[in-house]
Structures are given as structure tokens and as C-alpha cells.
Protein chains: 2
Amino acid sequence: MSEGAKNGAFPVAASEPGADAREVTRQRVVEAAADLLAREGRDAVTTRAVAAAAGTQPPAIYRLFGDKDGLLEAVLEHGHATFLATKHRDTHPEDPVEDLRTGWDLAVEFGLANPELYALMYSDPQRGTASAAFQAGMQILLGRIRRLAAGGWLRVDEKLAAALIHATARGAVLTWLSLPEDQRDPALLTTLRESMVAAVTHEQPVVQDAGLADAARTLQALLPGQTTLSGAEQHLLSEWLDRLAADG
Amino acid sequence: MSEGAKNGAFPVAASEPGADAREVTRQRVVEAAADLLAREGRDAVTTRAVAAAAGTQPPAIYRLFGDKDGLLEAVLEHGHATFLATKHRDTHPEDPVEDLRTGWDLAVEFGLANPELYALMYSDPQRGTASAAFQAGMQILLGRIRRLAAGGWLRVDEKLAAALIHATARGAVLTWLSLPEDQRDPALLTTLRESMVAAVTHEQPVVQDAGLADAARTLQALLPGQTTLSGAEQHLLSEWLDRLAADG
DNA sequence: AGCGTTACGATAACATCGATATCATCAATG
DNA sequence: CATTGATGATATCGATGTTATCGTAACGCT
């Protein structure tokens with residue numbers, strides 16, 4: 001889409017095969033950069049390394065993308081497009097609230113599957129909003145919100161809803177990725193998602209009333225100050241309370 | 001604190017004034033870097049620019065911080081410490097839920113007041129978790145959560161609670177900063193905060209007037225329906241709960 | 001007091017990176 | 001066929017992180 005504009009800036013000499021060749025190498029460079037980004041991280045994506053991996057030279061990157069940021073944006077768009085291509089989009093969901101859930105899950109799943117790409121999109125507060133991939137995702141999101149509003153489900157502004165969905169997903173992905181792998185609790189994602197649904201829609205959250213687990217947690221927190229039980233007893237009790245809290 | 005360890009690695013020639021001078025220039029460099037970061041952005045923080053602004057030379061940075069990342073981490077810690085110094089911390093809040101709110105607001109406020117610093121801490125998923133400033137903030141957060149648990153308010157794991165609070169704050173700040181100024185709706189922040197509170201806490205404490213004895217009694221009452229512990233385990237647990245309830 | 005050690009100021013240098021200049025080559029057009 | 005413009009290829013420039021090197025001043029030790 002921005003392709004046409006770029007080529008329109010200067011006359012195109014080659015008619016068809018030329019533009020095709022250009023598009024082919026462009027694709028090759030983008031994929032090489034994406035590969036390098038996913039495999040060796042952001043710092044490994046240098047103009048020289050990308051050029052070498054794509055079998056071309058550094059200046060070609062500037063002829064194709066104008067800038068290194070241009071290359072990164074192309075990589076972003078490519079990653080986003082290929083991810084969306086693997087997912088089918090339901091344009092007429094019967095339950096817009098459930099559609100909101102799957103959309104949120106999709107966005108989060110994209111972040112978890114492409115951490116470096118996601119960091120590139122959403123880490124810098126300034127960048128990203130202008131990127132094509134960001135705008136595409138935002139359009140899909142706005143469509144979902146519009147359907148929610150049409151069904152009378154929306155509890156807040158459409159803009160505020162978009163911001164809330166975006167913020168929860170962003171926080172979910174970045175926090176999940178920053179946790180060591182053995183501390184990643186899937187409940188973080190589902191809880192954040194349901195919080196988001198409750199904040200955005202009129203659907204009442206399924207509130208589980210206080211139970212055994214909560215009581216166990218409370219006692220656990222109060223345990224350190226206690227003097228009734230011996231150290232060994234307290235240790236074992238602590239383990240049991242953990243189990244009770246976990247299975248609640 | 002890490003200062004002593006560093007100097008302990010090699011014999012210290014200068015007794016006191018030497019170490020003082022070192023600390024003084026260190027402080028000057030950190031402040032120059034922080035100033036540069038806040039005023040001209042992350043890219044403006046180069047070793048040469050920082051050295052020039054601090055009235056010293058690039059190699060001094062490496063003698064003081066070992067690395068540019070070391071400098072940035074020092075800047076982080078400095079920013080975080082000075083921010084926390086302006087706020088008073090209530091170690092014995094009467095309402096732990098309200099304390100949770102103010103803590104969340106504080107974290108978000110820090111992010112909004114120091115966007116570049118915050119991006120440095122929390123934008124990159126990898127970094128940050130090891131930083132001293134991050135650990136300090138996490139300790140404060142865990143204290144708040146512990147008090148919630150002790151009051152019987154906690155609806156989820158302490159670890160999950162920490163992750164939820166962190167994720168919502170992170171999403172709130174980064175999303176807020178990425179919005180154009182005329183589209184920033186304060187309701188985004190309050191709604192996210194209340195969502196977080198609803199996800200983390202009960203509307204009413206599980207244990208009223210939370211004392212150890214009350215918590216023990218509550219758990220005792222809920223025990224019969226449980227299937228996690230074996231009969232023998234439950235029997236012994238029951239005895240201990242009796243003792244805890246009696247001695248409270 | 002004199003000596004060795006250590007840290008620090010200052011300059012230069014090296015490797016790498018983003019970005020550009022330059023030139024030869026090659027395909028397509030009139 | 002001559003011209004034009006894009007592309008492969010190499011060299012280069014400015015900037016940046018980092019290190020080496022040197023001279024000097026301060027400190028502890030004999």
C-alpha cells in the first residue's frame with residue numbers, strides 16, 4: 001500500500017519484470033531481517049548482517065526502504081501480516097463479547113509468539129502508533145468494539161474501550177515476557193482478559209465467592225508472627241496451606 | 001551497598017577523601033546522564049555527551065560504571081530513589097485496599113512523570129527485572145500484597161497479584177504515553193486501577209477483623225469439603241488450627 | 001623524605017554501525 | 001545503437017561504544 005506511493009515518487013523505468021525483481025529482493029531482505037530478529041535479537045539486526053543474509057549489499061537496504069527504520073517497519077508489517085494470515089477472522093460473530101475475548105487472546109498470542117517483534121512495536125511509547133501494522137491491528141480492534149456497541153454491550157466510550165483493551169494486552173504480554181519461565185502463571189493472562197471484559201462490557205464477571213483457598217492464603221500471611229507452633233510444625237503447615245491455596 | 005563490594009575487590013589506596021571524590025563525580029555523571037535522558041531522549045545519552053556534560057571524559061564512565069548499561073542502571077536507580085524520596089510510605093495503613101490503590105497510582109505517576117526513565121525500565125521485557133530499582137519497587141509491592149493477604153482481602157495468589165498489579169500499571173503507563181495528548185482520557189487510568197482492584201481483592205474480607213485466631217477458625221470451618229489433603233494430614237492440620245485459634 | 005602503587009585527567013585509537021558516495025554493469029527505451 | 005536509470009559492489013564518512021596509553025597527582029609504606 002505504501003509501496004505505490006514510494007514508487008510513485010520517482011519514475012519507474014522497468015515495466016513489469018523489473019518491479020517484480022525489486023519486489024522479490026525486497027521480500028528476501030525483509031525475511032532475512034525478520035529471521036535475524038527472531039533468532040539473534042534486535043541488536044543482531046544490522047544493515048550489514050541483513051544484507052549479507054539476504055545476499056545483497058547494505059546500500060540496497062537504503063534503496064529499498066530509505067532508512068533502517070523503514071526496514072524495521074517493513075519487518076513489522078510482514079510479521080503482523082503473516083500472523084494474521086494464519087488466523088481466520090470472523091466478520092459476523094454471533095457473540096460479540098466472545099469475539100472480544102478471542103481478539104484479545106489473538107493479540108496476546110501474537111506478542112508471546114513474536115517477542116522481539118512485539119517489543120519493536122510496543123516498547124517505545126512514541127513509535128508504533130504510526131506503523132502500518134499498528135494501524136491495521138487498530139482497525140480490526142475498532143471493528144470489534146463497534147459490533148459490541150451495536151449490540152448494546154459497551155460500558156464505556158469506544159475510544160476508551162480501545163485504550164483499555166490495548167493497555168491490558170500490552171501489560172499482559174510485556175509482563176509475561178519479563179517473568180522467568182518457571183514463574184509464568186497462565187492465570188495472569190486469563191485474569192487480565194476477564195478484567196478487561198468486565199471493564200469494557202456489561203457482562204457480569206463470574207465472581208467466585210470466598211472459599212477455602214482465600215482462607216488458606218490469609219492464614220499463610222499471618223503465620224510469621226505466630227509463636228504457638230514449632231518451626232517444623234509451621235513449615236509443614238505452610239506447605240499444606242500452599243497446596244490448599246493452589247487447589248482452591 | 002554494592003559500593004563496598006566493588007572496592008573490596010581491589011585494595012583501596014585513598015582512605016576517605018578519595019572515595020568521597022569518586023562518589024561525588026559518580027553522582028555528577030549520573031545526574032548529567034539523567035538530565036540528558038529526560039531533556040533530549042534516549043539517543044542523546046552517549047558516552048561522550050554524558051562525559052562532556054559532567055565535565056569529565058568518556059573513559060571515566062567505564063571506570064565508574066564498567067559499562068554503558070551500568071551507567072543506565074545507575075541512572076535508573078537514581079531516578080527511582082529520588083522519586084520515592086518525595087513520597088512518604090505508610091507502613092501501617094488502616095485500609096490495605098486503599099493502600100493498594102495509592103501504591104498503584106504512585107507507580108503510574110512515576111511512569112508518567114519520567115517517561116524516558118520508565119521506558120528504559122519497562123519497555124524492554126528482558127531488562128529491568130535485574131535492576132536494583134525494579135527490585136526495590138517489587139519489594140514495596142510485595143509488602144502491600146502481604147498486608148492485603150493478612151487482612152483476608154486477597155482473591156488470588158500473592159505472586160499472581162503482584163503480576164496483575166504490575167501488568168496493569170505497565171499497560172496503563174505505556175498506553176497513556178503512546179496516545180496523543182489530546183486523546184488521553186484520565187478514565188483510562190482509573191478504570192484500569194479499579195479493574196485491578198476488583199481482580200486482586202474481595203469486596204469484603206474473608207476473615208473479619210483478621211487476627212491469626214480468626215483466620216484459623218475460618219479455615220477450620222471451611223476444611224470439611226476439601227479434597228486436597230489426606231485424612232491424616234487434615235486431622236493434624238485441624239489440631240494445629242485449634243491450637244492457633246486458642247492462642248490467638 | 002623517598003618510593004611504589006593506584007586512581008584519575010586527557011588524548012588517541014579501534015571496531016562497529018548507520019548512512020552515503022562512487023563507479024561499473026546491465027536491462028530497457030526511443 | 002545510444003541513452004537512461006536501476007542495481008551490484010566497494011570504499012568511505014561521521015558517530016558511537018570501548019579500550020589503550022600516557023602523564024600526573026595523591027596516598028600508604030619503609
Using atom NZ of B:Lys68 as one end and atom C1' of C:dT16 as the other, report the distance to the nearest whole Å. 14 Å
Provide, to the nearest angstrom, the distance between the CZ atom belonging to B:Arg28 and the C1' atom belonging to C:dC8. 12 Å
Rounded to whole Å, how long is the line connecting atom CZ of B:Arg22 with atom P of D:dA26? 18 Å
Starting at CZ of A:Phe65 and ending at P of C:dA19, how long is that distance when rounded to a whole Å? 13 Å
Is it the case that the side chain of A:Arg193 and the backbone of A:Arg101 share a donor-acceptor pair, with hydrogens and angles ignored and the cut-off at 3.5 Å? no
Roughly, in whole Å, what's the span from CG in A:Asp69 to P in C:dC17? 17 Å
Taking all heavy atoms of B:Phe65 and all of B:Leu71, pick out the closest pair and write down the distance. CB-N, 3.5 Å
Quickly work out the B:Leu64 CG to C:dA7 P distance and round it to whole Å. 12 Å
Does a nitrogen or oxygen in the side chain of A:Arg48 sit under 4.0 Å from OP1 or OP2 of C:dT16? no
Minimum-distance nucleotide to A:Tyr62 side chain [options: C:dA10, C:dA21, C:dG18]: C:dG18
Spacing between B:Leu71 atom CG and D:dG17 atom P, to the nearest angstrom: 10 Å
Using atom CD1 of A:Ile61 as one end and atom C1' of D:dA9 as the other, report the distance to the nearest whole Å. 14 Å
A:Thr47 vs C:dG18: side-chain N/O to OP1/OP2 distance below 4.0 Å: yes
Does A:Pro59 or B:Ala60 map to a spot on DNA chain C nearer the 5' end, using the closest nucleotide for each? B:Ala60
Under a 4.0 Å threshold between the charged nitrogen and the carboxylate oxygen, would A:Asp99 count as salt-bridged to A:Arg147? yes
Is the backbone N or O of A:Leu177 less than 3.5 Å from a side-chain atom of A:Arg184, with the two atoms forming a donor-acceptor pair by type? yes
Scan A:Val50 against the nucleic acid and name what it touches under 4.0 Å (heavy atoms): base, sugar-phosphate only, or nothing. nothing
Counting only side-chain nitrogens and oxygens, does A:Arg63 get under 4.0 Å of the OP1 or OP2 atom of D:dA6? no
What nucleotide among D:dA6, C:dT11, D:dG8 has an atom nearest to a side-chain atom of A:Thr56? D:dG8
Once you apply a heavy-atom cut-off of 4.0 Å, does A:Pro58 come out as touching a base, just sugar-phosphate, or nothing? nothing
Identify whether any heavy atom of A:Thr46 sits under 4.0 Å from a base atom; if not, whether one sits that close to sugar-phosphate; answer base, sugar-phosphate or nothing. sugar-phosphate
Closest to the side chain of B:Gln57, out of D:dT7, C:dG9, D:dT19, is C:dG9
If every non-hydrogen atom of A:Leu192 is compared with every non-hydrogen atom of B:Ala167, which pair is closest and at what distance? CD1-CB, 3.7 Å
